[in-house]
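Heads up: the structure comes next, in structure tokens.
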Amino acid sequence: MKISDNVRMVPVPEDQPMRPTSTNIYIIGQRGGQTLTIDSGEAIDKFRWMLRGYLAAIDHSEIGVAAITHHHFDHSGNLKHVNEHLKAEVAVPKNGVKLLRGRLPKDGVKTYSDGDEIILDGGIRVQVMTSPGHSVDSLCYYIEEEGILFTGDTILGNTTSVVGDVNSYMASLRRLLELPNVKVLCPGHGPLITDSEDAKARDRLEMYVAHRQMREDQILEQLQDGEPKTSWQIMEAIYGDTIDKRLRRAADGNVQAHLKSLQKSGVVRASRGVKKRSNPATVAKNKAKEQANRKIIQQGRKLDKAQRNRILAQQENPPTDQWKTPPSYQLR
């Protein structure tokens, strides 16, 4: 999908509530040349084939640098793959390297920090901005000349986002609002947010700020009666049946993030709570079961790959499994 002469979007359809509509891969740079990608999806075939197919059939480009917006696996899972199979250099947030343990290739890794610039062929300038809040290592990328801002999960296409640290998140949103020329928001999930006759991309940023303030006000309202409440009780009262049940843990996480902020500012106090004691035997049993299941899954993948290779090999060789002596032919 073309966004501008220098920017394309590859939306990979999703059916998970935490990834509304699509997970998006962005390609920046001139067609036919070395390009920059932002995010590359989860380490499963549908993302790999979508990206390789788009590059080969439509974009006719090669990836020079594969960057990510943050460490979460649905954005960073394919870093080794694009390095090994597409020969791309990998670029990650400097403070996200430890969080990406096991997902980075041995060589060809660079890091980005706030204020860095990526200069592509044709003079395309991509600014790197830290935007913590959704995660500690979240980055946004900005092409000021075109007004295109790549937001990862800091801003989503058709929902609000999950927040880890409210204070950092609000500061990041306000910083994005100060950018001089934002016309298009390119989210990590969901549709693009573009200027139109009815709304502007900046309006979405302002809505996100207002939404977080609304949630804080709702939480404070729930605590007005003086009765202690858990974050889950507050979440149920605020959200009710308005969200998919599979999003309840995420919603509870957002409530907890607000409560931590309010606690830090002295508005709310919290009891210590009492954690359940783990039964060592049960923990060991569950761990062993998980490891066994993981081995079965890995073995299944190996068998599936071997089966596909056998089928391909059959196409390259005579059917000796069917004929001891195959028919031969000659003129009468």
Path from I243 to V163 over hydrophobic side-chain contacts below 4.5 Å: no
Q263 atom CD, neighbour heavy-atom count above 12 within 6.0 Å: yes
Within 6.0 angstrom of M207 CE, more than 12 heavy atoms from elsewhere: yes
Test: R125 and E144 ion pair at under 4.0 Å: no
W232 with I219, same ILVMFWY side-chain cluster at under 4.5 Å: yes
Donor-acceptor under 3.5 Å (D39 side chain, G41 main chain): no
No-hydrogen, no-angle side-chain donor-acceptor test under 3.5 Å, N286 and E290: no
Ring geometry between Y141 and Y112 (parallel below 30°, tilted from 30 to 60°, perpendicular above 60°): perpendicular
Donor-acceptor under 3.5 Å (N254 side chain, S161 main chain): yes
Cluster link L120 to Y26, ILVMFWY, side chain under 4.5 Å: yes
Polar side chain donor-acceptor pair, S135 to S138, under 3.5 angstrom: yes
Within 6.0 angstrom of R249 CZ, more than 12 heavy atoms from elsewhere: no
S76 and R103: side chain donor to acceptor below 3.5 Å: yes
Note: R248-D244 ion pair, threshold 4.0 Å (strictly below): no
Within 6.0 angstrom of N309 CG, more than 12 heavy atoms from elsewhere: yes
Cluster link V255 to M18, ILVMFWY, side chain under 4.5 Å: yes
Flag if over 12 foreign heavy atoms under 6.0 Å of CD, Q222: yes
Flag side-chain contact, heavy atom, 4.5 Å: I124 against I119: no
Rounded distance (nearest 0.5 Å) linking atom CG of D15 with atom OG1 of T21: 11.0 Å
Note: D195-K183 ion pair, threshold 4.0 Å (strictly below): no
pair I63-E89: side-chain heavy atoms closer than 4.5 Å: no
Heavy-atom side-chain contact between K80 and E84 under 4.5 Å: no
For F150, the option from I28, L185, I155 that meets side chain to side chain contact (heavy atoms under 4.5 Å, CB included): I28
R212 and E216: CA distance, side-chain angles, deciding distance, salt bridge (charged side-chain N to carboxylate O under 4.0 Å, His left out) verdict: CA-CA 6 Å; R212 292 269 64 90; E216 181 173 305; over 6 Å; no
Salt bridge R202-E206, side-chain N to carboxylate O under 4.0 Å: no
Worked verdict on E117 versus Q127 for side-chain hydrogen bond (donor to acceptor under 3.5 Å, both in side chains): CA-CA 5 Å; E117 277 195 342; Q127 301 173 39; 5.0 Å; no
Flag side-chain contact, heavy atom, 4.5 Å: V128 against D114: no
Check: R174/Y169 side-chain N/O donor and acceptor closer than 3.5 Å: no
Enclosure of D304 CG (heavy-atom neighbours >12, cutoff 6.0 Å): yes
Separation of L51 CG from I27 CD1 (nearest 0.5 Å): 6.0 Å
side-chain hydrogen bond (donor to acceptor under 3.5 Å, both in side chains) evaluation trace for T23 with D74: CA-CA 8 Å; T23 292; D74 53 326; 4.8 Å; no
Main-chain N/O of G188 paired with R19 side-chain donor or acceptor, under 3.5 Å: no
Full working for side-chain hydrogen bond (donor to acceptor under 3.5 Å, both in side chains) between R301 and Q298: CA-CA 5 Å; R301 287 174 178 162; Q298 290 174 346; over 6 Å; no
Check: S4/N6 side-chain N/O donor and acceptor closer than 3.5 Å: no
pair N78-R48: side-chain heavy atoms closer than 4.5 Å: yes
H70 and H75 aromatic ring geometry - parallel, tilted or perpendicular at 30°/60° bounds: tilted
Side-chain heavy-atom pair L156, D153 within 4.5 angstrom cut-off: yes
side-chain hydrogen bond (donor to acceptor under 3.5 Å, both in side chains) between R294 and Q291, intermediate numbers included: CA-CA 5 Å; R294 193 178 297 119; Q291 289 175 339; over 6 Å; no
K46/E14 salt bridge by N-O under 4.0 Å criterion: yes
Crowding at NZ, K200 (>12 non-hydrogen neighbours, <6.0 Å): no
Min side-chain heavy-atom separation S172-L176 under 4.5 Å: no
Shortest non-hydrogen separation from R204 to N158 and the atoms involved: NH1-N, 4.2 Å
Y54 and I25, any side-chain heavy atoms less than 4.5 Å apart: no
